[in-house]
Amino acid sequence: MKAKPTVLITGASTGIGAVYADRFAKRGHDLVLVARDLARLETLSERLRRETGANVDILQADLTDEVELARVESRVREDARIGILINNAGASAAGGFADQTPDDVAKLISLNTTALTRLISAVTPRFIEAGAGSIINIASVVGLAPEFGLTVYGATKAFVLFLSQGLQLELGPKGVYVQVVLPAATRTEIWERSGRDVNALPAVMEVEELVDAALVGFDRRESVTIPPLPDADQWKAFDMARQLMIPNYAQVHAADRYQPEKALAS
Ligand SMILES: NC(=O)C1=CN([C@@H]2O[C@H](COP(=O)(O)OP(=O)(O)OC[C@H]3O[C@@H](n4cnc5c(N)ncnc54)[C@H](OP(=O)(O)O)[C@@H]3O)[C@@H](O)[C@H]2O)C=CC1
Ligand SMILES: CC(=O)[C@H](N)C(=O)O
């Protein structure tokens, strides 16, 4: 048996997921690649087998389809060789909230949050029992900035950040490492797929640089990795401001500014 855990990567047919596949195969890991486009998955897996000698399995699945998602859940639940889960598959959508139909919105939520959460839920009991395992969740800086105008997409990514931080607190002491990665604009097909021109953006990172930077964070066992953010202290200050509010939430009375008599007087 190989000493290195097998890595299951969702959304591995192209973009960020395909580069993760390349990098983990070159590090000596076997892979399970998940996406819808079988031809692309086969081309990538053949190249990786040839170049690295890795065992590469393919699981063709639309993660918004309950039955197909259940097959991927079974795989992560039952295959004890899988020790790293990369929740990368995701999509964005053009236009503002009012331009998107209820079905558009539901599909984004289903792929970006429900599928990701179900896969973590499926793998967690096994990782806890082993006292080991890693989960990499791909969020986005958009989840920190409603100002970008990608409201539902950003909300799904805020969910991924929150979920990852909660899981770090719950699973970290049980030996499970959870990393959340927040890329900013990266040159992949996601832009064209969501009807936007990547070349119109002011600054775009190349996908290899993004993944290699995220792996530096992974190797350091960082909890939150924001490859494009120049000053790490900005994230620390933001997170500290959030934590400083926590002791102030438990109160018997509403704050003075909400006391009706004081509000009337002001
Ligand atoms: N590129 C960017 O600027 C940024 C990207 N991100 C995030 O990075 C992640 C990867 O995106 P990126 O590589 O850019 O995007 P791409 O569009 O290049 O790749 C998306 C991947 O997800 C797969 N996928 C899409 N829909 C489904 C589905 N329904 N079921 C299964 N797989 C699916 C695609 O494969 P297939 O079509 O074969 O199913 C593909 O492999 C996403 O979560 C995205 O939100 C975050 C911040 C910035
Ligand atoms: C890929 C997107 O749609 C988004 N702008 C992001 O940077 O996450």
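In each ligand, atom 1 is the first atom listed, and ligand 1 is the first ligand listed.
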Trainee: Is it true that D233 and K236 make a salt bridge, defined as a side-chain N closer than 4.0 Å to a carboxylate O?
Mentor: yes

Trainee: Does anything in residues 174-227 form a ring-ring contact (aromatic ring centres under 6.0 Å, His included)? List the pairs, not counting sequence neighbours.
Mentor: F24-F218, Y177-F218

Trainee: For side-chain hydrogen bond (donor to acceptor under 3.5 Å, both in side chains), just list the numbers for E206 and T186, CA-CA rounded to whole Å, side-chain angles, deciding distance to a tenth of an Å, and then say yes or no.
Mentor: CA-CA 6 Å; E206 296 304 325; T186 306; over 6 Å; no

Trainee: Which pairs of N or O atoms, one from ligand 1 and one from the protein, are separated by less than 3.5 Å, and what is the distance for each pair?
Mentor:
{"unit_1": "ligand 1", "atom_1": "1 (N)", "unit_2": "T186", "atom_2": "O", "d": "3.1"}
{"unit_1": "ligand 1", "atom_1": "1 (N)", "unit_2": "T188", "atom_2": "OG1", "d": "3.0"}
{"unit_1": "ligand 1", "atom_1": "3 (O)", "unit_2": "T186", "atom_2": "N", "d": "2.8"}
{"unit_1": "ligand 1", "atom_1": "3 (O)", "unit_2": "T186", "atom_2": "O", "d": "3.3"}
{"unit_1": "ligand 1", "atom_1": "3 (O)", "unit_2": "W191", "atom_2": "NE1", "d": "3.1"}
{"unit_1": "ligand 1", "atom_1": "13 (O)", "unit_2": "I16", "atom_2": "N", "d": "2.9"}
{"unit_1": "ligand 1", "atom_1": "14 (O)", "unit_2": "T188", "atom_2": "OG1", "d": "2.5"}
{"unit_1": "ligand 1", "atom_1": "17 (O)", "unit_2": "I190", "atom_2": "N", "d": "3.3"}
{"unit_1": "ligand 1", "atom_1": "17 (O)", "unit_2": "R193", "atom_2": "NE", "d": "3.1"}
{"unit_1": "ligand 1", "atom_1": "18 (O)", "unit_2": "E189", "atom_2": "N", "d": "3.4"}
{"unit_1": "ligand 1", "atom_1": "26 (N)", "unit_2": "R36", "atom_2": "NH2", "d": "3.3"}
{"unit_1": "ligand 1", "atom_1": "29 (N)", "unit_2": "D62", "atom_2": "OD1", "d": "2.9"}
{"unit_1": "ligand 1", "atom_1": "30 (N)", "unit_2": "L63", "atom_2": "N", "d": "2.9"}
{"unit_1": "ligand 1", "atom_1": "35 (O)", "unit_2": "S13", "atom_2": "OG", "d": "2.9"}
{"unit_1": "ligand 1", "atom_1": "37 (O)", "unit_2": "R36", "atom_2": "NH2", "d": "2.9"}
{"unit_1": "ligand 1", "atom_1": "37 (O)", "unit_2": "R193", "atom_2": "NH1", "d": "2.9"}
{"unit_1": "ligand 1", "atom_1": "37 (O)", "unit_2": "R193", "atom_2": "NH2", "d": "3.3"}
{"unit_1": "ligand 1", "atom_1": "38 (O)", "unit_2": "S13", "atom_2": "OG", "d": "2.8"}
{"unit_1": "ligand 1", "atom_1": "38 (O)", "unit_2": "R36", "atom_2": "N", "d": "3.4"}
{"unit_1": "ligand 1", "atom_1": "38 (O)", "unit_2": "D37", "atom_2": "N", "d": "2.9"}
{"unit_1": "ligand 1", "atom_1": "39 (O)", "unit_2": "R36", "atom_2": "N", "d": "2.8"}
{"unit_1": "ligand 1", "atom_1": "39 (O)", "unit_2": "R36", "atom_2": "NE", "d": "2.7"}
{"unit_1": "ligand 1", "atom_1": "41 (O)", "unit_2": "G11", "atom_2": "O", "d": "3.0"}
{"unit_1": "ligand 1", "atom_1": "41 (O)", "unit_2": "S13", "atom_2": "N", "d": "3.3"}
{"unit_1": "ligand 1", "atom_1": "41 (O)", "unit_2": "S13", "atom_2": "OG", "d": "2.8"}
{"unit_1": "ligand 1", "atom_1": "43 (O)", "unit_2": "N88", "atom_2": "O", "d": "2.8"}
{"unit_1": "ligand 1", "atom_1": "43 (O)", "unit_2": "K157", "atom_2": "NZ", "d": "2.9"}
{"unit_1": "ligand 1", "atom_1": "45 (O)", "unit_2": "Y153", "atom_2": "OH", "d": "2.6"}
{"unit_1": "ligand 1", "atom_1": "45 (O)", "unit_2": "K157", "atom_2": "NZ", "d": "3.0"}

Trainee: Ligand 2: which protein N/O atoms lie under 3.5 Å from its N/O atoms?
Mentor:
{"unit_1": "ligand 2", "atom_1": "3 (O)", "unit_2": "S92", "atom_2": "OG", "d": "2.7"}
{"unit_1": "ligand 2", "atom_1": "3 (O)", "unit_2": "R196", "atom_2": "NH1", "d": "3.4"}
{"unit_1": "ligand 2", "atom_1": "3 (O)", "unit_2": "R196", "atom_2": "NH2", "d": "2.6"}
{"unit_1": "ligand 2", "atom_1": "8 (O)", "unit_2": "S140", "atom_2": "OG", "d": "2.6"}
{"unit_1": "ligand 2", "atom_1": "8 (O)", "unit_2": "Y153", "atom_2": "OH", "d": "2.7"}

Trainee: Are any of the side-chain nitrogens in D22 or R47 under 4.0 Å away from the carboxylate oxygens of its partner?
Mentor: yes

Trainee: With the threshold set at 4.0 Å, does a side-chain nitrogen-carboxylate oxygen contact exist between R23 and D212?
Mentor: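 Salt bridge between R23 and D212, a charged N being under 4.0 Å from a carboxylate O: yes.
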
Trainee: Using a strict cut-off of less than 4.0 Å between a Lys/Arg side-chain nitrogen and an Asp/Glu carboxylate oxygen, indicate whether D79 and R126 qualify as a salt bridge.
Mentor: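 Salt bridge flag = no for R126 with D79.
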
Trainee: Any idea which heavy atoms bring R193 and T14 closest together, and the distance?
Mentor: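 Nearest pair, atom of R193 first, then T14: NH2-CG2, 3.5 Å.
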
Trainee: Hydrophobic cluster mates of L244, side-chain heavy atoms under 4.5 angstrom, ILVMFWY only, any path?
Mentor: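 When side chains under 4.5 Å apart are linked, the cluster holding L244 also contains M240.
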
Trainee: Taking 4.0 angstrom as the limit, do E189 and R40 come out as a salt bridge?
Mentor: yes

